[in-house]
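Notes for the one structure printed next.
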There are 2 protein chains.
Amino acid sequence: MRLSTKAQYAVRAMVSLALLYEEGKPVSIKDIAKKEDLSLNYLEQLFAMLRRNQIVKSVRGPGGGYVLARDACDIRVDEIIDSVEETLVPVSCMEKNGECGCFEKCVTRNIWQGLGERIRNFLASITLEELIQEARKKMTTHEKLSVGKA
Amino acid sequence: MRLSTKAQYAVRAMVSLALLYEEGKPVSIKDIAKKEDLSLNYLEQLFAMLRRNQIVKSVRGPGGGYVLARDACDIRVDEIIDSVEETLVPVSCMEKNGECGCFEKCVTRNIWQGLGERIRNFLASITLEELIQEARKKMTTHEKLSVGKA
DNA sequence: ATCATACCTGAGTATTTTTGTCAATTATTC
DNA sequence: GAATAATTGACAAAAATACTCAGGTATGAT
């Protein structure tokens with residue numbers, strides 16, 4: 001029962017994007033890669049998926065980069081994960097919108113369905129905005145501790 | 001976000017075990033393998049793990065097999081899954097009982113922790129007994145439909 | 001005793017999924 | 001038209017998963 005690193009990276013990258021963003025200026029993937037210490041090429045793939053799912057918008061050319069497609073308070077964590085990972089449903093036979101055809105036999109079906117719903121609901125209850133605020137809070141307390149590091 | 005087939009098999013096998021059980025007579029792994037259409041050898045591995053975790057008891061020799069180690073109403077689904085799969089925690093850095101050391105930086109930590117708790121709580125809220133009763137219910141309605149099949 | 005049954009163990013393998021890398025292209029700004 | 005940065009698709013390494021196999025060990029029945 002593991003979330004892929006892909007999904008974890010995507011969420012972290014989205015927080016980074018939001019934090020690095022300053023009015024009107026797109027954030028390059030390079031900056032995010034540096035901040036999060038991730039492979040540039042790999043991040044590119046993730047952002048391509050995020051873009052296709054309308055989580056971010058891209059701006060090409062010099063000075064370009066990525067921007068949130070909507071307000072942070074309107075982006076839910078489950079949407080971010082959906083963009084890069086196929087599914088939050090815990091078992092594969094339930095993929096195609098609920099009907100695996102084994103209804104009569106399958107005793108455990110209800111469990112997995114219930115579990116999938118809990119996971120979905122929980123991740124849908126958290127917005128990017130909340131993560132950003134938490135991040136800012138942690139940053140300030142952390143900065144107090146590491147003053148004069150450089 | 002997938003549960004391993006291992007975990008799925010284990011839960012199904014436990015239901016099978018409980019359904020096949022008749023007073024005093026252990027159920028052989030072979031019967032379960034047949035009923036669930038799983039590899040005998042693979043099931044053996046799973047039951048070895050279930051035994052080590054005191055979910056089932058084994059009886060060796062002819063006429064032997066496996067028996068529930070406790071009442072079905074006292075066996076929770078999360079225990080079954082724990083026995084065969086390492087973890088219900090969604091990200092690896094949180095393995096060792098919660099402390100990954102990246103507390104200050106890690107903005108997403110709270111999400112994964114919360115998610116892990118939801119998953120755990122949900123699976124802990126279901127007992128084997130409940131699954132058995134549901135299975136019996138489905139069996140009777142299903143039998144009505146497939147009368148005279150053989 | 002010995003034989004058949006059925007659990008028990010650990011090593012090994014094949015498959016799939018995940019996690020990336022690389023090379024080449026396209027769009028945009030200066 | 002040169003530099004920048006997103007965009008794409010193919011490919012590859014590595015890890016996890018899902019098994020198989022070849023033995024062993026305990027027990028009951030004859």
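Lettering of chains follows the sequences in order, A, B, ..., and the numbering in each one begins at 1.
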Q: Summarise protein proximity over nucleotides 12-23 of chain D in one line of letters, 5' to 3': B for base, S for sugar-phosphate only, - for none, counting protein heavy atoms closer than 4.0 Å.
A: ------SBBB--
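Residues from residues 30-38 of chain A placing a heavy atom under 4.0 Å of any atom in DNA chain C do not occur. Residues of residues 46-60 of chain B having a heavy atom closer than 4.0 Å to DNA chain C, listed by number: R51(B), R52(B), S58(B), V59(B), R60(B).
Side-chain contact annotation: E134(B) with N110(A), donor-acceptor N/O pair under 3.5 Å present.
In terms of modelled atom types and a separation under 3.5 Å, the side chain of Q8(B) and the main chain of L3(B) share a donor-acceptor contact. Of the possible donor and acceptor atoms, none in the side chain of Y66(A) sits under 3.5 Å from a partner among the backbone N and O of A69(A). Judged purely by atom type and a 3.5 angstrom limit, R12(A) uses its side chain to pair as donor or acceptor with the backbone of E36(A). With hydrogens and angles ignored, the 3.5 Å screen pairs no side-chain donor or acceptor of R76(A) with any backbone N or O of S125(A). Side-chain atoms of R70(B) do not come within 3.5 Å of backbone N or O of V56(B) as any donor-acceptor pair. At distances below 3.5 Å, not a single donor-acceptor pair connects side-chain atoms of D31(A) with backbone N or O atoms of V27(A).
L43(A) has its CG atom 10 Å from the P atom of dG20(C), to the nearest Å. If you take CD1 of I29(A) and C1' of dA5(D), they are 9 Å apart, rounded to a whole angstrom. For K25(A) and dT28(C), the NZ to P distance is 21 Å, given to the nearest whole Å.
Closest of all the heavy-atom pairs between G64(B) and P26(B) is C-CB, 3.7 Å.
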Q: Could you check D71(A) against E129(A) for side chain to side chain contact (heavy atoms under 4.5 Å, CB included), going step by step and ending with a plain yes or no?
A: CA-CA 8 Å; D71(A) 276 354; E129(A) 177 65 31; over 6 Å; no
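Between L68(A) and L128(A) the shortest side-chain heavy-atom distance falls below 4.5 Å.
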